[in-house]
Structures are given as structure tokens and as C-alpha cells.
2 protein chains.
Amino acid sequence: MTETPQSSGRAAAPAAGQAKIPRTERGRRTLRLILDAAAEEFGERGYHEGSIARIAQRADVAIGSFYTYFSSKEAVFRALVADMSRQVRDHVVPYILAAPDRLAGERAGLAAYLAFVRTHKALYRIIDESAFVAEDAYRRHYADVAEGYAASLQQAFGRGEISDGDWQVRAWAIMGMNVFLGLKFGVWDDERSVEDIAAAAHALIANGIGPR
Amino acid sequence: MTETPQSSGRAAAPAAGQAKIPRTERGRRTLRLILDAAAEEFGERGYHEGSIARIAQRADVAIGSFYTYFSSKEAVFRALVADMSRQVRDHVVPYILAAPDRLAGERAGLAAYLAFVRTHKALYRIIDESAFVAEDAYRRHYADVAEGYAASLQQAFGRGEISDGDWQVRAWAIMGMNVFLGLKFGVWDDERSVEDIAAAAHALIANGIGPR
DNA sequence: TCCACAGTTGAATAGTGGTTCAGGTTTCAG
DNA sequence: CTGAAACCTGAACCACTATTCAACTGTGGA
């Protein structure tokens, strides 16, 4: 709940034309400070409880500077959602690709996801809250992930690694599974090891729960 | 998005001591009006965009009357979450119990759930938003469902209907699956038939996606 | 060195909407 | 019938905070 997610190293993406792009080094530095401060603020207090004044304070800039880079409270939130959506992806996808096959990748990906969530709880909260602050951004995030998932599964089928089936339903189902396991065992409960959970989920996805 | 969920027939439960219990028939009628109005308002506009004044207007009562029954905006929202949590359960559980075995029940339950969601989109939104307005209520809702799920699965295992496994992980995984399928194919997308989706999900849960 | 533009500042503005309250009306037990 | 409790009313209060803006400062190319 009280995490401190860095808004990554890369120069924070211009985020769909909402932020004014800084022209000097000083400007880039300030924008980064504001984005990180916003991530902390919204992560801890949520969108509606979070305040621009407090974001500015955390970033050690004046309120006016905030409005130099973002046209509104919602704009900075949207920028954050896009940024974090990318972060999760960039972190998890390599684990899936590195695995010997898709099923093993599923397991490794979930483990990586859980570990990432445990160290980036603010991120999780921000993406979820976007459903009520910037619904289009929320839908886009999950639609994108689901699409990638479905494509990846179909390719695995082509390689004979998994059975045939309904790719759309499978993608959304597995995605939902992972999100809820992340919520329960990543955000809320740190007790069990991520490998344990990934193994159990892997067994479920691979073989189902049918008898014998 | 523009649904009109009835707050059920029963005298709306006193909801964790927040609402003052009406002593006369008139009072009970007014409380019901307010609860239904609140469900509509929050369902359409969300918690933060929703206003007490508009709830009172929808219910055809004065603002002051609202505060006769609820001590705050949050209080009425909490009452709503508890009420709706119960509604979903009451609607879906019978379908699961009526099925010949747990696996068939899973399929019937999901179909019933999807159909219910399609006619109660406000309900869905309210429960989800509670994560950011009344986190404890949100956690309780899902913890309760997961617990019931896990117990139900274990019993099915005792009857030889499903394989052995990690009940906690399975419960959260399947729950997440259902929630996301409900979001995608219930709230967002009415195109595909609920039976189709339930069948595909059933296949996934029963046999997994492993090869052959 | 110089200056035009990028960046910074924070008090003031402006709109919002939850909550209160003092007094009126309805209900119903006795 | 009667009065005390229950219920209803809605204007006014008040706290809160996103956003603006006019003046000031730093930066870096020429």
C-alpha cells in the first residue's frame, strides 16, 4: 500500500499529446519529478483523494509548474496509466518469451507478474482505478493485453504446445485469473511464495480440475 | 450502463448499523426509494460523480430525508455494496446447486452470472468501485465468495467430481476468470451468447489448455 | 555577453456538493 | 381524539481543491 514505484528510467513518454513536451534539460527533469510524485500520490491516496497541491509538494515544484506539463488532473492520471501499462508488459513479457514453451511461459510469466506487483502496489491500484476515471484507457489496457494473449496462445497452438479452443474466451479468462491472483497474493497477501502460486495456477491452466 | 436494478424485494438489510431503521411503514417506503435511487445514481455516474442531491431528487424526497436514513454518502454506498453482493450470490448459487455435479454447476453458474450481469450493469460497477470507496467492503465481498468457492470445490473433490489441488489458488483463479468474463462479455460486449462463453470457460476449467 | 523563450511561482479565483439544522407535517398508540 | 415520536423539508453553511494568471527567473544559442 505504501510503495514507491519509480516511473521507469526512460524519458516518460509524451502520453497521447496531453503533456507539453519540455524543451530543455531542466524541463525534462521537472516533468519526471512530477510524474513520479503523481504515481506516489495516486498510489497512496487514490485519484479523488489525491491532490495536485500535494503532488506539487512531493515534486518540490509550484502548482503552476504542474500545469505547465499537464492540462489537468485527469491528464496526468492518464499519462500514468499508459506508462504503467507499458511497465507491466515490459517486465513480464520477456519471462514468457524466455520459457521453453507457452505453458512454461505462462507459469514464469505469472511468477514474474506476482513479484512485480508485490514491489509496485501503487501501479496496480492506479490501473484498476482508471476504470472509473478514464474508462477508455482502462478498456484499452485490458483489450491490448487480451489481444496479445490470444495471439500468443494461437501461435502456441500452431506449434502443438496447447490444445485448440476459444482464443478470445481463453485470453480473457486467463487474464482475469492472473489479475485476481495478483490482487490476492500480490497486493493483499505476501505470505505464500510466488512460485507456489504460479505452480498451482499452471496446473489449473494446463490440466483443468476435471476428475483424474 | 443505463440499467435500473431493483434493490430487491426484501426489506433492505440494516447494513452494518449505518442506516437508521425506520419504525413506520412510511419510513420503510422512503428508505427503499432512497436505496433504489442511490443504486441508479451511482450505477450511472459512479460514486464521485454521483450526488446526494440527485439521489434525493430521483427518490422524490428532500435532502434532509436522506440524512434521516444514512449518516453520509459513503454509508449509503456501503449499504448498496452489501445488498448487491448478496443479490449476485442469491441469484447464481441456486444454478450451481441444481446442476448434477460441480463441473456442470460451474458452467451453469457462469451462464447465470453472465445473464445477471447483462441485466444489472449498475450492480457490477458499484461493487467494483467499492475497491476505492470502501476497500474493506470490497475485500469482504471477494473473500466471502472465494471462501464459499473453495469449500464447494473441496466437497466436490470428496464426491470424486474433480481432482485434488490447491483450493485457495483455484478459488481465486476461477473467481477472477468469471469476473473478467463478466466484464468483457457481460458489461462491455453483449454480442456472444452466454451459453457459448460458459461452454468455452467450462472446457478450460475442466481440461485446461494442455496439448492433446 | 545578451536576450528571447522556456520554465517557475503561489496567491487568488471559482465552482462544487456534502452536511447541518430549525422548524413544519404525518403517523399511530393509547 | 390527542400528543409525542417519527418523519420530512430545503436553504444556507462551509470546507475543499482544481485551475488561472501576471510577474519573475533560469537557460542556452548566437
Side-chain angles (χ1 to χ4, degrees), chain A residues 11-12 14 17-42 44-80 129-130 132-134, chain B residues 11-12 14 18-38 40-42 44-80 129-130 132-134:
Chain A
Q18 275 299 359
K20 288 108 187 171
I21 303 115
R23 312 233 166 264
T24 71
E25 182 50 35
R26 178 167 65 143
R28 275 184 288 279
R29 207 183 313 133
T30 303
L31 175 55
R32 175 85 39 77
L33 285 172
I34 292 173
L35 266 176
D36 289 349
E40 279 180 37
E41 175 73 4
F42 289 140
E44 284 175 23
R45 299 172 121 83
Y47 180 75
H48 293 282
E49 298 302 311
S51 90
I52 304 292
R54 221 179 277 113
I55 290 174
Q57 208 171 355
R58 282 184 197 260
D60 260 310
V61 301
I63 292 177
S65 288
F66 173 92
Y67 284 95
T68 300
Y69 298 104
F70 297 99
S71 56
S72 69
K73 187 182 183 181
E74 191 182 318
V76 70
F77 191 80
R78 282 177 180 277
L80 235 35
E129 192 164 17
S130 75
F132 305 97
V133 175
Chain B
Q18 275 300 359
K20 287 107 186 171
I21 303 115
R23 311 232 169 266
T24 72
E25 183 49 36
R26 179 168 62 143
R28 274 184 289 277
R29 207 182 313 133
T30 302
L31 173 55
R32 174 85 39 77
L33 285 172
I34 293 173
L35 267 176
D36 290 348
E40 279 180 38
E41 175 73 3
F42 289 139
E44 283 176 23
R45 298 174 122 81
Y47 180 76
H48 293 280
E49 298 302 312
S51 90
I52 303 291
R54 220 178 280 114
I55 289 173
Q57 209 172 353
R58 282 183 197 260
D60 259 307
V61 300
I63 292 177
S65 289
F66 173 91
Y67 284 94
T68 300
Y69 297 103
F70 297 99
S71 56
S72 69
K73 187 182 185 183
E74 191 182 319
V76 71
F77 190 79
R78 282 176 180 277
L80 234 37
E129 192 163 18
S130 75
F132 305 97
V133 175

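Every chain is numbered from 1 and lettered A, B, ... according to where its sequence line falls, protein lines coming before strand lines. Computed from a predicted model, the values in this text were never measured in an experiment.
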*A:Arg29 CZ to D:dG26 C1': how many Å, rounded?*
11 Å
*Could A:Glu44 and A:Arg54 be called an ion pair, given the rule that one side-chain N must be under 4.0 Å from one carboxylate O?*
no
_Heavy-atom check, side chain of A:Tyr69 versus side chain of A:Leu35, under 4.5 Å_ = no
*Separation of B:Asp60 CG from B:Ile34 CD1 (nearest 0.5 Å)*: 11.0 Å
_What does the B/S/- profile of nucleotides 5-12 of chain D look like, 5' to 3', with a 4.0 Å heavy-atom cutoff to protein?_
-SSSBB--
*asked:* For a 4.0 angstrom threshold against heavy atoms of chain B, report the outermost contacting nucleotides of DNA chain C in 5' to 3' order.
replied: C:dG18 to C:dT27
_Whole-Å distance separating the CD atom of A:Glu49 from the P atom of D:dA15_ = 17 Å
*Residues forming a ring-ring contact (aromatic ring centres under 6.0 Å, His included) with A:Tyr47, sequence neighbours excluded*: A:Phe42, A:Phe77
*Supply the atom-to-atom distance A:Arg29 CZ to A:Leu33 CG, rounded to the nearest 0.5 angstrom.*
8.0 Å
*Taking all non-hydrogen atoms of both residues, which atom of B:Thr68 and which atom of B:Lys20 are closest, and how far apart?*
O-CD, 2.8 Å
*Do you know which two heavy atoms are closest between B:Gly50 and B:Glu41, and how far apart they sit?*
CA-OE2, 3.3 Å
*Determine whether more than 12 heavy atoms belonging to other residues, nucleotides or ligands lie under 6.0 Å from atom CD of A:Glu74.*
yes
*Spacing between A:Tyr67 atom OH and D:dA22 atom P, to the nearest angstrom*: 17 Å
